[in-house]
Amino acid sequence: MSLLTPEWTAGLYLFAAVCFILALKGLSSPKTARRGNLLGAFGALVALVTVFLSMRVDNLPWILGTIAVGSAIAVPVSRRVQMTQMPQLVALFNGVGGAAAALVALLELQHSSEWWSALAIAFTILVGSVSFAGSCVTFAKLQELMTTRPVTFPGLPVAMGLVVLGALAAAAWLVMSGSFVAALVLMALGLVVGVLLVLPVGGADVPIVISLLNAFTGLTVAASGLVLGNVLLLVAGTLVGASGTILTREMARAMGRSVGGIMFGAFKGGSTAGSTTQSDRPVRSASAEDVAILLGYAQRVIVVPGYGLAVAQAQHTMAELASALEAKGIEVSFAIHPVAGRMPGHMNVLLAEANVPTESLREMDAINPEFKNADVALVVGANDVVNPAAKTTPGSPIYGMPILDVAAAKQVVFLKRSMRPGFAGIENELLFEPQTTLLFGDAKDSLTKVLGAVKAL
Amino acid sequence: MDAMSLLTVFVLAVFVGFEVVSKVSSTLHTPLMSGANAIHGIVLVGAIIVAGQAEEPLVLIVALIAVLLATVNLVGGFVVTDRMLHMFSGRKAPAKADARADAQPVAKGAAK
């Protein structure tokens, strides 16, 4: 009972594909981003209606019920998740997409007759599994269910090499024989590759891994489009694969890293392991009142927000402090490092949530020359993005990453939970410099105290 | 569709994909990644096709798992991206009152 002719079906799929292209285009500019996303959702809806009308769909109640259950899970989770946990949620959504594509390919194996179709099935199963397992490990790292440090063990490169060779062999076996067992073996090996691929990646590099796995899933979906002979899946998957690759490269560039270096850096040696020990060198700590005086008598203050601000849900208090200072005629701007937070642009989302005007948010290249004119640089829960080791210590895992030039400010105030090193696990020399003052405590508590003291000045 | 036509579509789509996101400010990297993530949830169409042709119970079960996972990817991806972008555009005049009301993100999410 297909209500649509093949021509109409193809036309509607084409329409959906155009929606996706315009969605990505729209998402690239702040003005059109929201419309772009809605357009993408509309395209997806059109495609879903089309698939039900274009062919005989058995098991209809089951399918509709499952879609309802899936939506009932996804919508509340997406609505309630805190903005700080956004990266792990994106990682999770990406992983399940990869898994879905791999399962689709597995089931299509029985209908496949041509060699190129079998090849696409092998690709989908392998890369989909890698993406799923990798995303799960990424999720665990971001949710801090496991250590955020790179996990390596002796023989990891050898193990990785063997598993990859095994996976290629299983893929070849699958293409030649069409064997279902081969597909299952390939899937299992893909899962192992995914885990081994992400384990050695250090916490600070995780955002890039999410983006890369996102591109992987895109390619997986494209390959499943080849398997099913469905042009929409092919186009949509390829778009995501291509744009995801560019995005991954852009992010890596913002961190001064190469994608290869991030993925395979830890294989070359334990250099990205970072330090786990706390230093007992002396630092200068101060009370909230001291910090308030520093801020209250400054003319220019540059705030450097980091993940600590997000974890403490302190973005609203931070915004209030900024307006309190501005009310005193003090110039306040926010220096946004491209990878502050745990995803590129994460900090912009959080501060936008707290209604900080966009004009106060300055990108790294624009703000760096201004630190030398700043009286106080207030670093709230950021560490790696202001760590001078990125410039001075060639052996450091973050060496080469562009940093915010906080050291140039007359005074530097760090709000920190403890002396524990940052996400990347590297000690920050700046903490021990003479112009640096530390205020220990949860970012929100500290900011609330400072805010009270500033108002009392 | 034959292999050559599919290959043609693939290659052209690669170029379109490269082209549309070539210049994006880092501000939008997160929403763009999340939006792209939602788009590949369209694998749901594939999952529906497979589930709609399933004859054996085991095949149907696996296909329905795929439908479930793909739905989560597609629906969740678009909703979360929209929420993120809403924050970029939702800048109202009484900023402070708003900021206090927003202090409980869980309650806020439920209220919307």
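Side-chain atoms are counted along with the backbone in the values below, which use heavy atoms only and exclude waters and symmetry mates. Since this is a predicted model, take the numbers as computed values, not measurements.
- Of the atoms belonging to B:Ile42, heavy atoms from both backbone and side chain fall under 4.5 Å from chain A.
- Note: B:Val43 leads B:Ile65, B:Val59, B:Val43 in heavy-atom pairs under 4.5 Å with chain A.
- Put simply, CD1 on B:Ile39 and OG1 on A:Thr217 are 13.5 Å apart, with the number rounded to the nearest 0.5 Å.
- Among B:Ala47, B:Ala51, B:Ala70, the residue making the largest number of heavy-atom pairs under 4.5 Å with chain A is B:Ala51.
- Between B:Ala13 and A:Leu239 the shortest heavy-atom distance is O-CD2, 4.0 Å.
- With a 4.5 Å cut-off on non-hydrogen atoms, A:Gln315 does not touch chain B at all.
- Taking CG from B:Leu32 and OG from A:Ser29, the interatomic distance works out to 11.5 Å, rounded to the nearest 0.5 Å.
- Of the atoms belonging to A:Ala41, heavy atoms from both backbone and side chain fall under 4.5 Å from chain B.
- A 4.5 Å side-chain heavy-atom check between B:Arg83 and A:Arg80 finds every atom pair outside the cut-off.
- Contacts of A:Asn37 with chain B are made by both backbone and side-chain atoms, with heavy-atom separations under 4.5 Å.
- Closest heavy-atom contact between B:Val79 and A:Ser78: CG1-CB, 3.6 Å.
- When all heavy atoms of A:Leu27 and B:Pro31 are compared, the pair lying nearest together is CD2-O, 4.2 Å.
- A distance of 10.0 Å separates OG1 in B:Thr8 from CG in A:Leu234, rounded to the nearest 0.5 Å.
- Smallest separation of non-hydrogen atoms from A:Ala99 and B:Leu69: CB-CD1, 3.7 Å.
- With a threshold of 4.5 angstrom between heavy atoms, A:Ile21 approaches chain B through its backbone and through its side chain.
- Atom CD1 in A:Ile67 sits 9.5 Å away from atom CG in B:Leu64 (nearest 0.5 Å).
- Heavy atoms of A:Thr66 lying under 4.5 Å from chain B belong to its backbone as well as its side chain.
- Annotation for A:Leu228 and B:Gly46: closest pair CD1-CA, 3.4 Å, computed over non-hydrogen atoms.
- Screening B:Leu12, B:Val9, B:Val16 for a side-chain contact (heavy atoms from CB on, under 4.5 Å) involving A:Val235 leaves a single residue, B:Val9.
- For A:Phe42, no part lies under 4.5 angstrom from a heavy atom of chain B.
- A:Glu114 does not touch chain B: none of its heavy atoms, backbone or side chain, sits under 4.5 Å away.
- Proximity to chain B is absent for every atom of A:Leu361, based on heavy atoms less than 4.5 angstrom apart.
- In plain terms, the two heavy atoms of A:Leu24 and B:Ala36 that are nearest each other are CD2-CB, 4.1 Å.
- Here the side chains of B:Asp82 and A:Arg34 are in contact, with some heavy-atom distance below 4.5 Å.
- In terms of non-hydrogen atom pairs under 4.5 Å with chain B, the most contact-rich of A:Gly26, A:Gly244, A:Ser28, A:Ala44 is A:Ser28.
- Proximity to chain A (any heavy atom under 4.5 Å) is shown, for B:Ile48, by both the backbone and the side chain.
- Among A:Ala68, A:Gly237, A:Ser71, the residue making the largest number of heavy-atom pairs under 4.5 Å with chain B is A:Ser71.
- Note: B:Asp2 CG to A:Trp116 CH2 = 8.0 Å, rounded to the nearest 0.5 Å.
- With respect to chain A, the highest number of heavy-atom pairs below 4.5 Å among B:Leu44, B:Val45, B:Leu7, B:Leu74 belongs to B:Val45.
- Counting non-hydrogen atoms of neighbouring residues, nucleotides and ligands closer than 6.0 angstrom, the CZ atom of A:Arg35 reaches no more than 12 such neighbours.
- Of the inter-residue distances, the one linking B:Glu56 atom CD with A:Gln110 atom CD reads 6.5 Å to the nearest 0.5 angstrom.
- Heavy-atom pairs under 4.5 Å with chain B were tallied for A:Val104, A:Thr50, A:Thr317, A:Leu38; the largest tally goes to A:Val104.
- Contact annotation for A:Leu89: only side-chain heavy atoms (C-beta onward) come within less than 4.5 Å of a heavy atom of chain B.
- For A:Met364, no part lies under 4.5 angstrom from a heavy atom of chain B.
- Counting heavy-atom pairs under 4.5 Å between each of A:Val51, A:Asn214, A:Thr248, A:Leu103 and chain B puts A:Asn214 at the top.
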